[in-house]
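Worksheet: one structure, shown below.
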Amino acid sequence: MSVKDKAKLHLRKFDVGDKFSYLPLAKASVLVPLMVRDGKLCVLFTVRSMKLTRSPGEVCFPGGRREPTDIDEIATALREAEEEVGLRAEQAEVICRLVPGIDRTHSIVTPVVAFIEDSFQAHPNPEEVSDIFYVPLEYFLRPSKYKALHVQMLGQASVPVHFFEYDDPERNLSFAIWGLTAHFTVFLALAVFGEKPTFEVDYDLDNLISSAESNFMRLYNTTKNKL
């Protein structure tokens, strides 16, 4: 079985579908694009344009707020990916929706995982994206540069936030990947590889999806009570 087929098989077990779509907070989606490069699963990331008022220069996935014309979280993710990096819907094989997160604007953000062709050539929209790069997914289990930041959220005690630094050998550039983007990528790596990472994670690794769902619902209830 190929690397791609194995990954699909594992990821489909973690598909939450529309399980959390009923929750009344604002909705957003990101597309998590996977491809195989040199025999390894890799993830495509974007760097937000410095022209943007919110989080300029930060690493993220293509994505954004749901619009009235979007029929579901998948439609939002695909529309945003086309707008930001020129990925057409027919170029993406959607595999699953993973457990969502909640961003700084108190929106529920759903990660939509899709395989894209290894030959895909991105065409970044300069109004939104200043750069794209690729990282082997296994890096998010065994990173060479990692730390846990402690960030205070919603008046709670500080919580650990993953912070990765990746040195891109192709470009001789370093990229910082943290926050919700890192959170989603770590969960993706755990789901695909089923291995214990070299750093601490807030999951029961023997019951990954149920612990992830429990974590999300605790965060959701805390957020809802604060609003």
Side-chain angles (χ1 to χ4, degrees), residues 1-17 19-20 30-46 59-61 63 77 92-102 109-118 132-151 159-170 174-219:
M1 190 181 294
S2 70
V3 169
K4 183 184 288 189
D5 287 339
K6 283 181 183 177
K8 290 179 187 178
L9 196 63
H10 288 301
L11 285 168
R12 288 190 176 113
K13 298 174 186 174
F14 290 86
D15 186 12
V16 299
K19 183 172 184 176
F20 300 101
V30 294
L31 190 75
V32 183
L34 280 174
M35 60 167 53
V36 179
R37 304 180 93 216
D38 299 323
K40 291 184 176 182
L41 283 178
C42 291
V43 189
L44 180 153
F45 293 94
T46 65
V59 170
C60 63
F61 292 118
E93 181 188 359
V94 173
I95 307 302
C96 63
R97 283 173 274 187
L98 298 179
V99 176
I102 296 178
V109 183
T110 298
V112 177
V113 182
F115 268 98
I116 61 177
E117 288 301 318
D118 308 348
I132 65 158
F133 64 101
Y134 304 89
V135 183
L137 182 59
E138 63 188 11
Y139 189 78
F140 296 91
L141 293 182
R142 294 180 293 277
S144 58
K145 295 181 180 180
Y146 170 86
K147 60 185 175 182
L149 299 178
H150 288 271
V151 177
V159 295
V161 172
H162 302 302
F163 186 100
F164 298 86
E165 187 175 340
Y166 178 69
D167 297 326
D168 187 343
E170 295 179 20
S174 291
F175 297 96
I177 306 162
W178 66 289
L180 202 55
T181 300
H183 170 79
F184 288 150
T185 315
V186 167
F187 185 82
L188 176 68
L190 291 169
V192 168
F193 296 117
E195 298 174 10
K196 186 176 180 179
T198 57
F199 51 89
E200 292 298 317
V201 291
D202 189 22
Y203 298 118
D204 175 355
L205 296 179
D206 293 324
N207 298 283
L208 184 56
I209 192 164
S210 60
S211 65
E213 290 181 351
S214 296
N215 289 352
F216 168 70
M217 288 307 300
R218 277 197 299 273
L219 180 58

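Here, residue 1 is the first one in the sequence, and each next residue gets the next number. Keep in mind it's a predicted model, so treat the numbers as computed, not measured.
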E93 bridged to K4 by N-O distance under 4.0 Å: no
d(L11 CG, I95 CD1) to nearest 0.5 Å is 7.0 Å
Any side-chain heavy atom of L190 within less than 4.5 Å of one from F14? no
Report the distance from atom CG of L188 to atom SG of C96, rounding to the nearest 0.5 Å. 7.5 Å
Does any part of the side chain of K6, heavy atoms only, come nearer than 4.5 Å to the side chain of L9, both counted from C-beta? no
Spacing of OG1 belonging to T198 relative to CZ belonging to R142, to within rounding of 0.5 Å: 8.0 Å
Tightest non-hydrogen contact, residues G39 and V3, listed as O-CG2, 3.8 Å
More than 12 foreign heavy atoms under 6.0 Å from CG of D5: is that the case here? yes
Could you tell me whether the side chain of K147 reaches within less than 4.5 Å of the side chain of W178, counting heavy atoms only? no
Got a second to check how far Y203's OH is from E213's CD, nearest 0.5 Å? 11.0 Å
Does the T181 side chain pair with the main chain of I177, one donor and one acceptor, at a distance under 3.5 Å? no
Can you confirm if the aromatic rings of F199 and F164 lie within a centre distance of less than 6.0 Å? yes
Could you check whether F45 and F61 have their ring centres less than 6.0 Å apart? yes
Tightest non-hydrogen contact, residues P100 and F216, listed as O-CD1, 3.3 Å
Looking at side-chain heavy atoms only, is the closest gap between L205 and P197 below 4.5 Å? yes
Under a 4.5 Å cut-off applied to non-hydrogen side-chain atoms, are M217 and F20 in contact? yes
Quick one: does any side-chain atom of S174 pair with a main-chain N or O of D167 as donor and acceptor, under 3.5 Å? no
With a 4.5 Å limit on heavy-atom distance, are the side chains of Y134 and D168 in contact? no
Quick one: closest heavy-atom pair of P33 and I116, and the distance? CB-CD1, 3.9 Å
From L34 CG over to L137 CG, what is the distance, rounded to the nearest 0.5 angstrom? 6.5 Å
Do other residues, nucleotides or ligands put more than 12 heavy atoms under 6.0 Å from the CD atom of E117? no
So, S144 versus Y166: side-chain donor-acceptor pair below 3.5 Å or not? no
State, to 0.1 Å, how close A114 and A92 come at their nearest heavy-atom pair, and which atoms those are. CB-CB, 4.1 Å
Do N215 side-chain atoms and D202 backbone N/O form a donor-acceptor pair below 3.5 Å? yes
Are the side chains of V36 and L41 in touch, meaning some heavy atoms are under 4.5 Å apart? yes
Whether the side chain of D15 engages the backbone of R97 through a donor-acceptor N/O pair (distance < 3.5 Å, no angle test) should be reported. yes
Do the non-hydrogen side-chain atoms of V43 and Y139 ever get within less than 4.5 Å of each other? no
If you take all heavy atoms of F187 and A212, which pair is closest and at what distance? CE1-CB, 3.5 Å
Using ring centroids (six-membered ring only for Trp), state whether F140 and H162 fall under 6.0 Å. no
Would you give the length of the straight line joining atom CD1 of I209 to atom CG of L98, rounded to the nearest 0.5 angstrom? 8.0 Å
